Amino acid sequence: MKSEPDAYGIDDLERDRMEPWDGIRNYQVRNMIRDDMRIGDQAFFYHSSCKEPGVVGIMKIASEAYPDPTQFDPKSRYFDSKSKEDDPRWLLVDVAFERKLRRTISLREIKANGKLADFVLTKRGNRLSIFPVSGKHWKTILDME
DNA sequence: GCCAACGTTGGC
DNA sequence: GCCAACGTTGGC
């Protein structure tokens with residue numbers, strides 16, 4: 001799960017312990033959090049659009065998917081005037097802090113690791129802010145820690 | 001700041 | 001349904 005550390009980083013989650021992962025405005029991503037995520041699932045926290053993009057921590061999915069309140073807030077940058085309260089368009093899950101990695105596993109290293117040649121993150125045109133990680137890739141990344 | 005690669009919107 | 005225009009993401 002990607003986030004820009006300037007907006008919300010792993011240190012913020014460590015402080016808050018739990019946080020609604022709001023702002024998802026992509027249908028593919030919405031469908032994944034609705035259909036594929038389960039309470040207790042683990043997820044990598046990835047820092048994007050920053051000095052050293054990479055995997056920085058591990059968190060746990062802490063809720064079922066539920067309507068993202070920011071879509072109804074005209075003052076929010078995520079406001080969606082076309083979404084109705086009785087038929088919400090956008091969902092989110094709560095995530096809970098599990099731990100920071102001992103160091104950042106940078107995108108540069110991930111790209112350089114042959115075992116991760118078929119990892120979604122390194123593929124051309126990958127722009128989804130959330131995507132599934134196979135058990136094999138999960139282990140490979142943790143082995144790099 | 002640049003730009004590639006998408007996704008979305010809306011006219012037709 | 002097509003597709004051009006536009007907006008966004010995110011690495012560099």
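Given the structure is predicted, the values throughout are model-derived calculations rather than measurements. Chain letters run A, B, ... following the sequence lines, proteins first, then strands; residues in each count from 1.
- Grouped by direct or indirect side-chain proximity (heavy atoms under 4.5 Å, Ile/Leu/Val/Met/Phe/Trp/Tyr only), A:Tyr78 sits alone.
- No side-chain donor from either of A:Ser48 and A:Glu4 sits under 3.5 Å from a side-chain acceptor of the other.
- Considering only residues two or more places apart in sequence or on other chains, A:Phe79 meets the ring-ring contact (aromatic ring centres under 6.0 Å, His included) condition with none of them.
- Grouping Ile, Leu, Val, Met, Phe, Trp and Tyr residues whose side-chain heavy atoms lie under 4.5 Å apart, directly or via other members, places A:Leu128 in a hydrophobic cluster with A:Met1, A:Tyr8, A:Ile10, A:Leu13, A:Trp21, A:Ile24, A:Val29, A:Met32, A:Ile33, A:Met37, A:Phe45, A:Val56, A:Met59, A:Ile61, A:Leu91, A:Val93, A:Val95, A:Phe97, A:Ile130.
- Contact check on A:Arg38 versus A:Asp41 returns no salt bridge, with no Lys/Arg side-chain nitrogen under 4.0 Å from an Asp/Glu carboxylate oxygen.
- A:Arg25 and A:Ser129 share no donor-acceptor pair across their side chains, judged by distance under 3.5 Å alone.
- If you check residues 78-90 of chain A against DNA chain C, you find no residue with a heavy atom closer than 4.0 Å.
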For residues 100-119 of chain A, dump all side-chain donor-acceptor pairs below 3.5 Å to protein atoms at least two apart in sequence or in another chain.
| unit_1 | atom_1 | unit_2 | atom_2 | d |
| --- | --- | --- | --- | --- |
| A:Lys100 | NZ | A:Asp11 | OD1 | 2.6 |
| A:Arg103 | NH1 | A:Glu109 | OE1 | 3.3 |
| A:Arg103 | NH1 | A:Glu109 | OE2 | 3.2 |
| A:Arg103 | NH2 | A:Glu109 | OE1 | 2.8 |
| A:Arg103 | NH2 | A:Met144 | O | 2.8 |
| A:Ser106 | OG | A:Glu109 | N | 3.1 |
| A:Ser106 | OG | A:Glu109 | OE2 | 3.2 |
| A:Glu109 | OE2 | A:Ser106 | N | 3.2 |
| A:Asn113 | OD1 | A:Lys115 | N | 2.8 |
| A:Asp118 | OD1 | A:His137 | NE2 | 3.0 |

Nucleotide-resolved protein contact map, nucleotides 3-12 of chain C, B/S/- at heavy-atom distance under 4.0 Å: ----BBBBSS

